[in-house]
Amino acid sequence: MKKTSTKPGATVIAALVFGTLIIFIIGLLLVWKSSLGTIRYGEMPASVVVATNMPDNEPVIEKPVITHISTPSAVRAIYITACTASSKKLRDKALANFDGTALNSIVVDIKDYTGTLAYASTTFRDVSPGKGCVIDDLPEFVRELHEKNIYAIARVTVFQDPLYTSLHPESAIKSISAPEKLWKDIKGLSYIDPGAKKYWDHVIDISKEAYDIGFDEINYDYIRFPSDGNVSDMKLNLAEANELQPASSTGT
């Protein structure tokens with residue numbers, strides 16, 4: 001009688017090994033996922049987020065100290081445009097005039113005849129950049145002036161503003177002969193109607209910001225009615241301005 005072998009066959013052994021391996025791999029995956037959690041690539045781990053939000057780890061942002069210089073007893077100034085001030089090379093050349101001289105002040109355009117705002121952290125400049133020059137590092141330039149003990153004056157052209165009139169034609173001086181058009185001088189520049197009170201606030205906001213970045217004085221230019229053109233063709237609307245005038249008193 002032939003003996004039957006009790007040893008497992010190769011197929012059975014292979015199946016046992018394969019099954020054990022599968023169980024082992026599944027166990028590793030369960031341990032790995034329970035300890036690490038779900039990984040989302042591109043996201044910061046929560047522990048890091050918590051750490052950066054802790055008070056002791058908050059970045060300290062130092063704001064520049066804004067200083068102002070007292071008005072000199074005699075202001076002796078030079079004037080530079082926004083284009084000159086926007087170039088480090090050109091403005092350094094202008095500042096060289098202060099060495100060994102009686103100069104003590106400088107006038108810088110922050111809103112020129114084009115209406116362009118040379119510098120504004122507000123939305124004014126975002127509406128339309130204008131055709132003039134922009135001084136991106138104006139606060140740093142003002143600090144440099146103060147370090148040299150130079151009195152800084154910001155020049156603002158007021159009622160001559162082609163940029164604002166193009167954005168807000170309702171605030172502009174109109175033409176009598178062509179009511180649908182804006183009045184312009186011989187240079188093709190348009191003007192704000194002095195009675196447009198909304199525009200007054202615009203100028204005030206620009207001035208406040210200029211002072212807040214360090215300018216010691218605001219110089220308003222073109223605070224007047226237009227000239228150098230056909231002034232008889234100007235259509236003014238001073239109703240808003242007239243509202244500010246005190247009513248005349250009558251005797252009883």
Side-chain angles (χ1 to χ4, degrees), residues 52-53 55-161 163-164 167 192 197-223:
T52 55
N53 286 336
D56 293 341
N57 295 322
E58 287 184 356
V60 178
I61 301 176
E62 295 184 0
K63 293 184 179 180
V65 177
I66 303 301
T67 60
H68 291 280
I69 294 178
S70 300
T71 306
S73 56
V75 175
R76 301 182 179 90
I78 62 172
Y79 159 75
I80 61 173
T81 65
C83 293
T84 297
S86 66
S87 167
K88 185 72 166 59
K89 181 179 180 180
L90 291 177
R91 72 192 191 201
D92 283 349
K93 186 177 181 180
L95 293 182
N97 292 296
F98 287 79
D99 298 336
T101 69
L103 292 173
N104 54 24
S105 309
I106 190 169
V107 181
V108 183
D109 270 332
I110 63 167
K111 188 170 88 68
D112 62 11
Y113 72 96
T114 68
T116 302
L117 297 179
Y119 176 86
S121 63
T122 59
T123 58
F124 298 137
R125 204 177 71 189
D126 297 335
V127 177
S128 178
K131 297 180 180 180
C133 293
V134 172
I135 313 170
D136 290 323
D137 64 341
L138 186 56
E140 291 78 12
F141 180 42
V142 174
R143 285 198 292 273
E144 179 185 356
L145 294 175
H146 287 169
E147 290 172 359
K148 298 177 181 294
N149 200 34
I150 298 175
Y151 188 67
I153 304 171
R155 177 177 178 264
V156 178
T157 61
V158 182
F159 291 118
Q160 185 188 75
D161 195 330
L163 176 58
Y164 193 91
L167 299 173
I192 300 292
K197 290 193 291 184
K198 179 182 177 182
Y199 180 76
W200 302 354
D201 294 332
H202 175 67
V203 174
I204 291 172
D205 289 338
I206 296 170
S207 305
K208 286 181 177 178
E209 183 166 33
Y211 183 80
D212 288 342
I213 66 174
F215 275 101
D216 306 303
E217 182 179 314
I218 312 298
N219 170 226
Y220 296 114
D221 203 351
Y222 286 85
I223 313 179

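- Residues K111 and I206 share a closest heavy-atom pair of CD-CD1, 3.8 Å.
- At distances below 3.5 Å, not a single donor-acceptor pair connects side-chain atoms of T157 with backbone N or O atoms of D221.
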> Yes or no on salt bridge (charged side-chain N to carboxylate O under 4.0 Å, His left out) for K197 and D201, after CA distance, side-chain angles and deciding distance?
Replying inline: CA-CA 7 Å; K197 290 193 291 184; D201 294 332; over 6 Å; no
> Does the side-chain contact (heavy atoms from CB on, under 4.5 Å) test come out yes or no for I192 and Y222, once each step is laid out?
Replying inline: CA-CA 10 Å; I192 300 292; Y222 286 85; over 6 Å; no
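- You'll find the side chain of I69 reaches within 4.5 Å of the side chain of N149, heavy atoms only.
- The two residues A94 and I80 have their closest heavy-atom pair at CB-CG2, 3.9 Å.
- Of all heavy-atom pairs spanning A152 and H146, the tightest one is CB-NE2, 4.3 Å.
- The minimum heavy-atom distance between Y151 and S70, with the atom names listed, is CD1-O, 3.7 Å.
- For the side-chain contact (heavy atoms from CB on, under 4.5 Å) with V108, the qualifying choice from T81, I78, I135, V142 is I135, the only one to do so.
- Side-chain contact annotation: D109 with Y79, donor-acceptor N/O pair under 3.5 Å present.
- No side-chain donor-acceptor contact under 3.5 Å links T84 to the backbone of R91.
- Within 6.0 Å of atom CZ in F98, more than 12 heavy atoms from other residues, nucleotides or ligands are found, so the atom counts as buried in its surroundings.
- Side-chain contact check for I106 versus L95: some heavy-atom pair is nearer than 4.5 Å.
- A ring pair (Phe, Tyr, Trp, His ring centres under 6.0 Å) with Y164 is found for one member of F159, Y199, W200 and no other, namely Y199.
- Atom CD of residue E140 and atom CD1 of residue I213 lie 9.0 Å apart, to the nearest 0.5 angstrom.
- The shortest distance between side-chain heavy atoms of D92 and E144 falls below 4.5 Å.
- In terms of heavy atoms, I110 sits closest to A210 at CD1-CB, 3.5 Å.
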